[in-house]
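Would you mind keeping the following structure in view while I ask a few things?
Quick note: numbers below take in every heavy atom, side chains included, and nothing from hydrogens, waters or symmetry partners. Since we're looking at a predicted model, the values are computed, not measured. Chain identifiers are assigned alphabetically (A, B, ...) following the order of the sequence lines, protein sequences preceding nucleic acid strands; residue numbering begins at 1 within each chain.
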Amino acid sequence: MDIEAEPSLRSIVNHESLKWIFVGGKGGVGKTTTSSSISIQLALHNPNKKYLLISTDPAHNLSDAFNQKFGKDARQVEGLPNLSCMEIDPDSTLENLQKNNESTFGGAGGNDPLKSMMGDITGSIPGIDEAFSFMEVLKHIGETKENQIKYDTVIFDTAPTGHTLRFLQLPSTLEKLLGKVNELSGRFGPMLNNLLGSQGGQSIDFASKIKEIQVQVTEVNKQFQDPELTTFVCVCISEFLSLYETERLIQELMSYNMDVNSIVINQLLFSDDSECRRCNARWRMQKKYLDQMDELYEDYHLVKMPLLAMEVRGLENLKKFSKYLIEPYNSETDGHVVFDLEEQ
Amino acid sequence: MDPFSVLLTLTLIILAQNAVRIVGKTQINQFIWDLYLKYSNDQQILKLRNLKAESYDVYKQRSNTSAQDKYAKWTKLNRKYDQLQAEIKTVSDQVSLQQQAIDKYLGLAITVTTTLPLWLFRFKYRKQPLFYFPKDTFPSYLEWILSFPSVPKGSIGIMFWVLLLNKFVSNLEFIVKTFSTKVEEPVPIVKVEDLSPN
C-alpha cells in the first residue's frame, strides 16, 4: 500500500501548520458529522492547541451534533475544553454588512448618486456577497469578546449550497474593476469634481475603498491557496450522483488553486456476508463505486467510514466514531461499534 | 468590343453584383473562412483541427461508456474532454485574430470586384449604344430621355440598362421571397358577447 495515499486523515491531524480546514460536500452525506469528528480528533491529539469549529448552515446542525446549544459567539464544547463551536447565520450577517456598506457606499440618503452607483456596482460583482460574509466571519473570529482567544486552526463546516468558496475567483475580478474605476475617475474625475462642488473630493474614495477590499481579499486568498495553511476535505457517499458532485467540486477547487487531498466516504455498509440480503446487495453496489474511486483518486486519501445503527450525536458517540478517521475501520474487528452507540 | 459582347458582359456583371448583394457579404465571408479552416496548413489551424478531431473522438468514447458501470473510465474521459475543450478555446481565440484579418481583406476585395468593373464600363463605353429599338416603338421625347447621357437617339445606353436590370432583379427577388415565405392563417376574432360562461 502506498504510504502517500493511506486511507486516513492522520496527515491532516499531524499537519502542524494548517490554519484553515474546510469540510464540504453536496447532499446529506455527513458533512457535519465529519467536520465535528475531525475537530474532535484534532482537539484530542493536540491538547495544547485551540480549535474552532464554525458552521454557516442556518439549520444549527452543530447544536444538534453535539447536543449542546451553540450561538454566534464561540462556546467551548462541554467535555473538550480546547474545542469551541460557533454557529453563524450568514443572512443576518449579510444584512448587517449591507447596512454598514450603505454608510460607506451610500444610497440611503439619495443625495449622492455616485455613492449609490458604487453600491450597485459592488453588489453585482460575482462572489462579492460570499466574500463579504466570509470576511465578516473572519473578523468575528478575530474579535472574540473578553479573552481575545487566538485559535490555532479553524474548521469550516461549509453550507450545502457549495458556492461559499466562489469568492476565491474574486481577486482577478476586483483587479479589473479597480482598473476600470481608476480609468473612469481619471477621465471623469475633474468633471465630476466641478459638478459636485464641495463633495467632489469624495470621488477618489471609491478607488481607495475598492483597493482596501482588494487588499483584504488578496490576503485571504493567499492563505487559502497555500497548501501548508489550508486544505479541503470532501465528504461523499458511495453512490453515482454523490461521486459525480464530488468530482465537480474537486475540479472547481483545483481551479481556485485550493489544496484537496482527502475524501471521506460515509455510510458504507461493509456487509460482505450478513443475513440481510438487502445489505449485501447494497454493499455490492457501494463496493463497485469504491473500486472505481480507488482507481480514479489514486493520490487522494480515501477514508471509508461505516454506517452505524444510530445517528452519531453527542460528544461520546462522536469520539467513538471519529476514531476511524485516523485508524482505518476494519469490519471484522471493529464491527461492534455499529451497535455500540449510547442512547442520548 | 462589339456591342453584343459589351451588352453580354455588362449583363453578367450586373447579375453577379446582384447575386453578391442577395447572398450577403457575411455569408460569403463565412463560407470562405470555413474553406480556409478546412484546408489551410497554418500551424495554429492544424492544431485546432487536430484538437477538435480528438475532442470529438473522446466525446464519442464517453457516450459509449456507461457512467454507472465504468465510473472511473467515464470520469477520466470527462476530464480529458474538459481539458481539450479548454485548449480548443485558447487556440480558437488566437485563430480568430486571423479570421478578422481575412474578413477585412475579403470584404474589401468583394466591394472592389463588384463596383469597379461597372465603373470602368460606364467610363469606357459611355457613348456605346447597346441596342437599338425598332423604329417608332417610342415617341420622340421618350427616345430622347432613354438615350439621355450620350448615346444616339433611339438606342439604350449603359445607364438605363443598369437601372432596368437592377429593377428587374429586385422585383424577381421580391416575388420569390413573397411566395416562399409561409404565412399563418389568421385566428378569427371572437366578439366578447359571444364568449358565454359555458
Q.
E295(A) and side-chain contact (heavy atoms from CB on, under 4.5 Å): which single residue from K70(B), K76(B), K73(B) fits?
A.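 With E295(A) as partner, side-chain contact (heavy atoms from CB on, under 4.5 Å) holds for just one option, K76(B).
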Q: Decide if atom CZ of F240(A) counts as having more than 12 heavy atoms of other residues, nucleotides or ligands within a radius under 6.0 Å.
A: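 Atom CZ in F240(A) is crowded, with more than 12 foreign heavy atoms closer than 6.0 Å.
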Q: Tell me, for Q251(A) versus chain B, whether the close heavy atoms (under 4.5 Å) come from the side chain, the backbone, both or neither.
A: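 Answer is side chain: those atoms of Q251(A) sit under 4.5 Å from chain B.
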Q.
Tell me if the OH atom of Y81(B) is crowded by more than 12 foreign heavy atoms within 6.0 Å.
A.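 Yes, enclosed.
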Q.
Tell me whether K47(B) at atom NZ has more than 12 heavy atoms from other residues, nucleotides or ligands lying less than 6.0 Å away.
A.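 Atom NZ in K47(B) is not crowded, with 12 or fewer foreign heavy atoms closer than 6.0 Å.
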Q: Answer yes or no: are there more than 12 heavy-atom neighbours, outside E311(A) itself, under 6.0 Å from its atom CD?
A: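 Count not over threshold, so no.
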Q. Is the CZ atom of R248(A) crowded by more than 12 outside heavy atoms at less than 6.0 Å?
A.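 Count not over threshold, so no.
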Q: Let me know if Y244(A) has heavy atoms under 4.5 Å from chain B in its side chain, its backbone, both or neither.
A: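 Both parts, backbone and side chain.
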Q.
Just verifying a value: how many Å separate D69(B) CG and Q292(A) CD, rounded to the nearest 0.5 Å?
A.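 Spacing of CG (D69(B)) from CD (Q292(A)) equals 8.5 Å.
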Q.
Contact between E247(A) and Y71(B) at the side-chain level, heavy atoms closer than 4.5 Å - yes or no?
A.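 Yes. Closest side-chain heavy atoms under 4.5 Å.
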